[in-house]
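For reference, the structure discussed in these notes is given below.
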Amino acid sequence: MDNLIALFTDPHLASLNLIIFAFFIGACAAGFATVYHRRTIGELVRFLLENEAFSPETAKTLREAEQDLNIFVRLNIRRNPAFQRIVREVPPAEGEMKGKKDTRKLSDIPLYIDPKNKDRAAAMYSAKTASDANMWMVLLSIAVFAVVAYVSTMVIPGLVNMLNSLIESL
């Protein structure tokens, strides 16, 4: 433990070690985000695919998909442009708007998969990709990356010192 603390207190190597651990934290976050995205968001897409909601006429609501209380799905529908290219909202009828802001509840807005992106949605969010992105694989990847990060923080200082001594001897 003292070696690990010493790595971050050495003024010459602290920034390098922080970069290594920042990559580690980023890999952890990316792994968990992948699992979340494939399972939670994919559940809505798989529901729409199974019910063949490929047009505004066949669109389904979040309430029908039993996702109306899922805040993460709601945020993706409103704020994720990549998701919005695949899952579209049915626009309000022309007579409903007349200069007003769209005040419909998100739970009741019909959603459908854009027919141009039907194959992409099926490939990205199929049940197989959701099961492939399982938690055990993410945890195993994190463990391997933790070992690599720790070894890097032990090996890189020696390499830097060796390079410094080589430069000083010239």
Side-chain angles (χ1 to χ4, degrees), residues 1-51 53 60 62 65-89 106-107 111-114 116-170:
M1 186 68 178
D2 291 334
N3 281 345
L4 189 61
I5 293 170
L7 287 173
F8 290 103
T9 57
D10 183 0
H12 301 295
L13 300 173
S15 60
L16 181 62
N17 291 329
L18 284 175
I19 290 170
I20 291 170
F21 279 103
F23 276 114
F24 171 70
I25 291 169
C28 293
F32 288 120
T34 299
V35 170
Y36 150 75
H37 195 70
R38 297 282 187 214
R39 289 187 178 174
T40 307
I41 305 302
E43 191 174 325
L44 172 64
V45 175
R46 286 188 296 277
F47 174 81
L48 294 174
L49 287 168
E50 289 168 6
N51 289 289
K60 304 291 182 190
L62 284 178
E66 297 177 357
Q67 295 284 327
D68 54 330
L69 299 178
N70 190 330
I71 188 73
F72 299 114
V73 171
R74 297 168 74 87
L75 287 172
N76 268 293
I77 289 172
R78 292 291 187 191
R79 295 192 174 102
N80 186 342
F83 186 71
Q84 290 172 347
R85 280 191 292 276
I86 294 173
V87 176
R88 300 278 177 103
E89 294 180 11
L106 188 57
S107 300
L111 304 168
Y112 66 98
I113 294 178
D114 185 19
K116 293 182 285 189
N117 291 319
K118 179 171 66 169
D119 295 332
R120 182 177 178 200
M124 286 178 63
Y125 297 103
S126 71
K128 183 183 180 331
T129 58
S131 65
D132 286 348
N134 68 38
M135 192 61 72
W136 292 111
M137 289 303 292
V138 171
L139 293 175
L140 179 65
S141 299
I142 289 171
V144 168
F145 199 75
V147 169
V148 169
Y150 184 73
V151 169
S152 296
T153 58
M154 296 297 140
V155 171
I156 289 176
L159 292 175
V160 169
N161 288 336
M162 195 169 29
L163 185 62
N164 281 341
S165 64
L166 178 68
I167 291 173
E168 288 174 2
S169 69
L170 294 176

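Numbers for residues simply follow the sequence, beginning at 1.
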For a quick test of reading the model, state the closest non-hydrogen atom pair linking C28 to I142 and the distance between them. SG-CG2, 3.6 Å
Starting from the C-alpha separation in whole Å, work towards a yes-or-no answer on side-chain contact (heavy atoms from CB on, under 4.5 Å) for I41 and N80. CA-CA 11 Å; I41 305 302; N80 186 342; over 6 Å; no
Looking only at heavy atoms, what is the nearest atom pair of F145 and F24, with distance? CE2-CA, 3.1 Å
I need the K60 NZ to E50 CD distance, nearest 0.5 Å. 12.0 Å
In Å, rounded to the nearest 0.5 Å, how long is the span from CG of L48 to CD of Q67? 9.5 Å
Nearest heavy atoms of K118 and I113, plus distance in Å: CA-CG2, 4.0 Å
Which distance, rounded to the nearest 0.5 Å, do you find between the CZ of R120 and the CD1 of I86? 4.5 Å
Mind listing the closest non-hydrogen atom pair of F47 and A65 along with its distance? CD2-CB, 3.4 Å
Test your reading of the model: is there a side-chain donor-acceptor pair from N117 to the backbone of R85, 3.5 Å cut-off? yes
